[in-house]
Amino acid sequence: MAEQFKMAQPKEYFKKFLENDIRPDDRELGEFRPTILNIGCVSTAEGSALVKLGNTTIMCGIKAEVATPDADRPKEGFVVPNVELSPLCSPSFRPGPPGEQAQVLSQNMADLLRTSECINLEDLNICPGKLSWVLHIDLVCLDYDGNVMDACTLALVSALKNTSLPSVTVDEETGDIKTDPTTLRPLSVSCCPVSTSFIVFDHNILLVDPTHEEEKLATGAITIIAEGGNLVSIYKPGGTPLTDEQMEDCIDRALKRSKEASQLIGETLCSIDR
Amino acid sequence: MRETPLSNCEREFILNFIAQQKRLDGRKAYDYRDLRIAFGVSLGCCHVELGKTRVLAQVSCEVGEPKQTRPHDGVLYVNVELSPMACPSFEQGRQSEEGIELSRLMERCLKESRCLDLESLCIVSGEKAWHLRVDIHVLNHEGNILDCASIAAISALAHFRRPDVSVHGEEITIHTLEERNPVPLSLHHMPLLVSFTFFSQGKYMLIDPSSKEEKVMEGKMVVGMNKHRELCTLQVTGQMLLLKEQVLRCSSIALTKVTRITELIHEALENDKQARLKGDKHGFAVLVSGDKVTSNRLPKTEVKVDTLEVSDDMGESQSSEDESGNEPMEEHTEGVPKESAVEILTKGVGMIGEGGASTWLDVPQADTKQLAAKKQKHKVSKMEEDEGSSEEEEKVILK
Amino acid sequence: MASFTVVKTEDLAAEQGKGPACVLRGQTSDLGCLTRQDGSVSLSQGDTTSIAVVYGPAEVRINKEQIDQATVEVVYRPKVGLPRPEHRKQERVIRNTFEAAIAASLHPRSAISIIIQETEDMGSNFSCCINSSCLALLDAAVSMNFMVAAVTVALKECGEMVLDPTKRDETEAKSVLSYVFDSVNLQVLTVVSCGKFSRAEYRNGLVLAREAAKSVFQFYRESMSKKLLMSQ
Amino acid sequence: MPTDTRRLTGPESSQSPYNFAPCSKLNLSNLEKRPDGRSFEQLRPLFLRTDVVSQARGSSYIEMNETKAICAVYGPREVLKREDFSLKGQLTCDFKFTTFSCRQRRQHQQDSQEKDLSVQVLEALEPAVCLHKYPKSQINIFITVLQHDGCALSAAIMCASLALASAGIEMYDLVVASSIAICGSLTLVDPTAQEEEAILKSTVKLDANAGAVTVAFLPSLSQVSAISSDGELSFETLNKNMQACVANCQRLYPVLERTLIKHQQELEAAKT
Amino acid sequence: MAAPIGNVVIPGDTFSLLQLQPNDEHKKILLGPGLKEEEAEIKVLRPGILRFRKPGVYWVDCHHKRYIPAKGDSVIGIVNQKVGDIFRVDIGSSEQASLSYLSFEGSTKRNRPDVKVGDIVYAKLLVANKDMEPEIVCIDGYGRSNGMGVIRNGGFLFHTSLNLARKLLNPECTLLKSLGNRFQFEISVGVNGRVWIKAANDVQTIALVNSVIASEYKDNDQIKEMCKRISKAVSRMEVD
């Protein structure tokens with residue numbers, strides 16, 4: 001019965017739940033789904049992490065390569081994030097080049113890396129004007145059940161913190177390159193930005209960490225990326241206008257979440273080193 | 001998007017009218033519509049209005065590797081964009097027949113005419129050279145995009161300056177504009193395209209056709225020429241035959257037009273230069289006067305706000321954060337206990353939070369080992385505790 | 001290395017029509033500046049200019065058709081090079097913003113498409129795009145629940161705030177925030193930010209931007225009145 | 001100019017740092033123990049799990065030590081184009097390595113090897129699926145290899161057949177696959193990437209027998225649905241090793257069986 | 001404060017029923033295009049000038065180029081294609097209108113009207129509804145054409161903004177009056193912003209076309225002035 005009701009009028013179905021401040025997957029409005037983090041799960045990548053946010057699953061792998069730096073930035077390396085929403089993760093995606101959403105996510109990742117300055121591009125330089133690191137950061141969605149943005153940021157940051165590079169040297173006079181795979185240098189990641197996404201349901205109710213169903217019914221969305229006590233980004237693309245109080249509330253929760261999540265990353269990393 | 005079709009009555013009327021040596025907008029057969037050339041604030045940005053047809057051209061540059069085939073030359077890209085902006089029938093992204101022909105002609109006009117000295121764009125032969133890029137955006141299509149585009153493109157190139165570079169051994173430095181003045185491109189000559197349209201077996205000829213005239217035309221001849229009467233392209237399209245005389249006549253008309261337009265371009269360049277020297281206002285913002293009925297102007301307005309919070313002290317935001325800890329948050333906080341939220345399941349696997357559904361790696365309550373096994377199969381030892389599949393693999397291994 | 005345009009230093013410095021920090025640069029609008037579209041406008045804020053055009057309610061592509069409301073499409077056209085993911089993101093933000101503003105349910109099975117051409121980015125380009133799009137929609141008389149106005153604020157390292165920043169201001173600023181408000185109760189419709197900032201700074205920016213938005217809305221009203229009253 | 005405007009692009013050309021490292025080549029001629037300590041005819045532990053993709057009709061995850069793959073099945077979906085209507089349903093397969101799954105970085109676009117593997121997986125599975133039950137409709141299989149350490153093909157086949165089964169697609173039988181790498185007299189069951197590589201490199205100087213053979217097998221029908229072999233193998237060797245593969249398949253079968261039963265039990269549990 | 005009738009309103013503006021009719025708010029009122037009732041308030045959706053007609057009709061007179069079909073409108077359409085026994089006609093709306101070959105005066109299954117693709121028809125909207133494809137007819141309720149049908153033998157068709165078309169349709173239209181004093185011409189105006197003009201000769205026709213287009217942003221005196229100039233110019237042109 002419930003199924004049919006859900007099919008027929010999803011909106012009403014959700015309303016019924018939200019009337020008593022609970023969500024169909026018996027979460028509270030402000031509650032996250034369980035977040036599982038598995039760091040260093042792919043040994044072929046220089047750095048990797050798998051994040052599960054409820055059902056939503058993102059795997060991030062970082063492949064490091066070397067290239068000649070740009071003429072106008074001879075002392076800098078490259079970070080190239082890309083998000084892949086493969087047809088595997090949801091029936092709504094088709095094979096072929098990335099769609100709008102994948103592109104927007106990729107861009108969000110790039111912006112996150114740039115504004116949070118968690119990686120100093122100059123650290124990625126090997127020999128000025130000659131050789132720099134290129135970090136190909138690829139995030140693959142394995143299960144698309146909403147709030148991919150948060151999962152991606154978590155995976156991205158964890159993978160970066162897990163990344164270590166072999167030592168590469170350029171011979172001064174001959175100019176030929178030597179790699180020593182035995183000595184690995186961990187990549188320095190200065191900070192740990194964490195994103196928190198909300199949707200607006202029915203123009204007034206705020207839901208944190210939405211599932212795919214919830215996202216489909218949303219009348220607006222907002223993503224806040226926090227780092228320590230600071231805000232790295234507030235991203236509210238249109239949708240229902242929010243009151244200042246609502247915005248403040250979102251920021252509160254985002255700051256809180258950022259503490260928890262960075263704690264998660266930190267402790268998980270320690271557990272590897274042990 | 002679908003474009004409003006041309007009705008028969010319009011078609012017949014226009015053709016008759018042309019047969020009477022008249023045009024809808026009262027021009028003579030060999031008249032151009034009035035031409036307006038304006039430059040943007042950024043260098044190499046040119047906006048051309050030909051009647052109501054509008055084209056924007058922007059030149060940009062980057063340092064890259066030269067082509068293997070021509071290691072001593074820079075590279076010039078020409079990109080013509082026909083978007084629905086100009087006219088509903090143009091598709092976004094997909095290049096139409098029209099678009100391809102257009103870019104082809106522009107390339108012939110700008111690249112194959114060798115109007116630009118590419119060698120001067122080489123920095124280190126075979127390694128580094130300037131890549132120039134001309135982006136041509138058609139903003140409004142009221143006919144004769146081609147001529148308009150060629151004017152915009154060539155003016156933009158003439159207006160452009162590239163940053164100066166110096167090479168010491170292998171070290172190349174691109175100087176900021178503070179350090180050194182940017183250098184102009186060395187433009188040998190200014191080729192322009194003039195298109196002639198023909199009606200009723202080439203009996204009547206018009207230049208600078210309007211969009212309606214283009215719709216009813218029979219064929220078209222494009223002459224690419226500079227003011228020294230050097231021909232750089234000549235293309236005839238459409239199903240009609242032309243007499244030798246006509247071609248010659250066209251070329252001589254083209255010459256007069258090209259000379260006139262070249263003058264106009266130089267004038268415009270000069271005006272822009274003067275304006276910049278005097279520090280007058282220049283760029284597109286000035287184009288809109290605000291005295292037209294449809295245009296409006298808002299002088300710069302001071303915005304007053306009552307006293308703001310002191311923004312740059314962290315203490316503030318800190319405090320606001322603390323308060324986040326208490327009452328407004330309460331209802332959300334349960335479910336995620338503050339301390340020791342993190343649960344380390346196995347090496348490199350941690351989790352927080354409860355509730356919600358998860359089909360893969362569903363750990364909570366269930367023995368964490370199971371997940372451990374699932375994630376870290378390298379340790380077969382772990383597998384033993386795991387029932388189901390892993391037992392099987394014990395078997396597998398034992399055999 | 002991406003292809004870049006060259007702007008003279010003095011032009012960046014000149015800050016034409018720019019005075020103290022809390023000033024909106026002079027604005028000009030030219031409604032119906034193009035002929036082939038249902039609505040078109042070229043808007044300038046200081047030296048930043050952009051052209052926006054609107055078609056609609058017009059024929060919709062079958063795969064995008066919605067039976068209960070109009071489909072809003074946005075195309076953003078950068079001046080240099082082909083559209084890249086960054087522009088896709090911009091399109092997405094602009095589209096979502098106007099999906100909220102446009103009364104789409106009045107024209108089901110049709111498309112309302114907005115096309116924006118960047119013509120000169122001398123700072124606060126995003127605001128200029130939003131505002132020009134909104135004016136274009138007004139020019140095309142597309143039904144809207146409310147109008148929107150965008151205002152950009154730059155935060156300098158020293159903590160000083162610059163309203164409607166120029167390119168120079170943006171490059172010097174530690175972060176740049178753009179707010180979009182609705183015309184009915186001036187609530188926050190859209191926020192996009194670039195660079196780190198504190199909570200207080202967000203609030204202050206909000207207050208300042210909201211104040212500025214009022215005069216932008218006033219500008220819309222004047223522009224429309226001028227055109228409409230003359231042509232009645 | 002950027003070739004791919006839909007992705008973020010780095011510099012035009014970049015290469016792996018390990019191209020400049022002295023490569024430690026595994027010497028096969030006098031190999032008495034395998035690098036991962038297995039005996040020559042030992043299989044790697046096989047781990048399987050169903051229902052890993054919530055959005056898919058059926059899905060599964062496979063892990064053979066360092067080889068990890070995930071597969072999702074969608075459908076039966078209606079075919080959109082009228083012209084490819086057919087009374088027999090159509091099965092499609094899309095095989096992809098993640099860019100970071102191998103030692104050398106892979107491209108986003110599907111390359112020839114991936115296309116080739118897609119076809120091989122498809123051919124191995126088609127005989128097992130009752131396609132006549134799904135007229136005018138298509139069933140899509142998507143396989144992503146998260147980490148590649150040899151035997152990607154057999155892993156993919158098993159993963160996919162399990163996913164199909166868990167999707168409730170009617171099948172005659174599960175498909176089990178196994179592969180053996182041959183290098184002269186030496187045969188390596190269930191080879192790792194390192195071993196595969198070593199053999200392919202060594203082909204030049206060794207005698208005729210150097211390569212690998214993969215067999216897909218329908219255990220309960222005891223039929224072979226596909227054989228793929230690369231390198232050069234004499235008929236006898238091929239024959240001998242096929243038998244070996246089939247034997248291995250039979251040993252693997254119960255694992256798939258159990259996993260599927262577990263999956264069913266879970267479903268039942270969920271119902272009540 | 002009373003409703004700003006005759007003034008410019010823009011989307012988001014609201015006013016109460018009371019404002020509309022301070023004297024008696026019980027009277028029934030009718031909201032035309034551009035207005036919508038929301039929580040006992042009248043909300044403006046489109047920019048334009050608020051108009052009022054007795055007894056209680058309010059609407060926003062706005063300025064646009066895109067035509068949105070409304071039942072009973074008389075429009076000029078361009079026949080775009082023939083599909084079976086209907087014509088697809090472009091009337092400038094988001095969807096093409098359908099026109100049955102039977103809805104012409106005197107047409108039967110036997111003798112179909114002679115209509116070619118590209119012809120222009122003057123027709124009335126029979127069905128106009130946001131959820132349905134618009135349908136136009138060239139006959140009135142009694143099966144008479146009364147002026148509707150295919151427009152033939154010459155003349156020139158051009159497009160204007162919709163409110164200019166409405167201005168032309170206004171019997172008090174200064175432009176047409178003052179032009180009428182000077183020229184002889186046929187004109188038919190569709191509310192979808194399509195205007196067809198035919199005068200004594202092509203030169204005059206074009207002169208009229210241009211003057212109509214030019215009149216868009218002119219007040220009445222300027223219009224009169226312009227007409228004078230035009231007629232002079234035309235007579236000069238006709239000489240040579």
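First the proteins, then the strands, lettered A, B, ... as listed; each starts at 1.
With a 4.5 Å cut-off on non-hydrogen atoms, T48(C) does not touch chain B at all. Within the 4.5 angstrom heavy-atom criterion, atoms from both the backbone and the side chain of A212(C) approach chain B. Interface remark: L43(B) contributes backbone and side-chain atoms alike to the contact with chain C (heavy atom separation under 4.5 Å). With a 4.5 angstrom heavy-atom cutoff, T49(C) touches chain B only via side-chain atoms. Y55(C) touches chain B through its side chain: at least one heavy atom from C-beta onward sits under 4.5 Å away, while N, CA, C and O do not. Contact of E91(B) with chain C is made through the side chain alone, with heavy-atom distances under 4.5 Å.
For the 3.5 Å distance criterion, the side chains of Q117(C) and R77(C) qualify, holding a donor opposite an acceptor. For the 3.5 Å distance criterion, the side chains of E142(B) and N140(B) fail to qualify, holding no donor opposite an acceptor. With 3.5 Å as the limit, one finds no donor-acceptor pair spanning the side chains of E118(C) and N125(C).
Among E59(C), R61(C), R36(C), E211(C), the residue with the largest count of heavy-atom pairs under 4.5 Å with chain B is R36(C). Of all the listed residues (V216(C), L34(C), D121(C), V75(C)), the one sharing the greatest number of non-hydrogen pairs under 4.5 Å with chain B is L34(C). Interface check for chain B: of the options D139(C), I115(C), I116(C), D38(C), the most heavy-atom pairs under 4.5 Å are formed by I115(C). Between chain C and the residues P163(B), C87(B), S211(B), P299(B), the most heavy-atom pairs under 4.5 angstrom are made by C87(B). Here P84(B) is the residue among P84(B), P182(B), A57(B), G40(B) with the most heavy-atom pairs under 4.5 Å with chain C. Between chain B and the residues L31(C), V53(C), V6(C), V60(C), the largest count of heavy-atom pairs under 4.5 Å involves V6(C). When each of E178(B), R2(B), R162(B) is scored by its heavy-atom pairs under 4.5 Å with chain C, the top score falls to R2(B). Of all the listed residues (T5(C), D30(C), T119(C)), the one sharing the greatest number of non-hydrogen pairs under 4.5 Å with chain B is D30(C).
Residue K67(B) comes nearest to V75(B) through the heavy atom pair NZ-CG1, 3.5 Å, listed as atom of the first residue, atom of the second, then distance.
Note on R95(C) versus E91(C): no salt bridge recorded, every NZ/NE/NH1/NH2 to OD/OE distance being 4.0 Å or above. Under the 4.0 Å criterion applied to side-chain N and carboxylate O atoms, R36(B) and D34(B) are not assigned as salt-bridge partners.
R84(C) contributes a side-chain N or O that, together with a main-chain N or O of L82(C), makes up a donor-acceptor pair within less than 3.5 Å.
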- Message: Run the salt bridge (charged side-chain N to carboxylate O under 4.0 Å, His left out) test on E120(C) and K79(C) for me, step by step, so that the C-alpha distance in whole Å, both residues' side-chain angles and the decisive distance to 0.1 Å come before the verdict.
- Response: CA-CA 8 Å; E120(C) 195 76 271; K79(C) 193 163 66 160; 3.1 Å; yes
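In this structure, F217(C) and Y220(C) have perpendicular ring planes: the angle between them is above 60°, well past the 30° mark.
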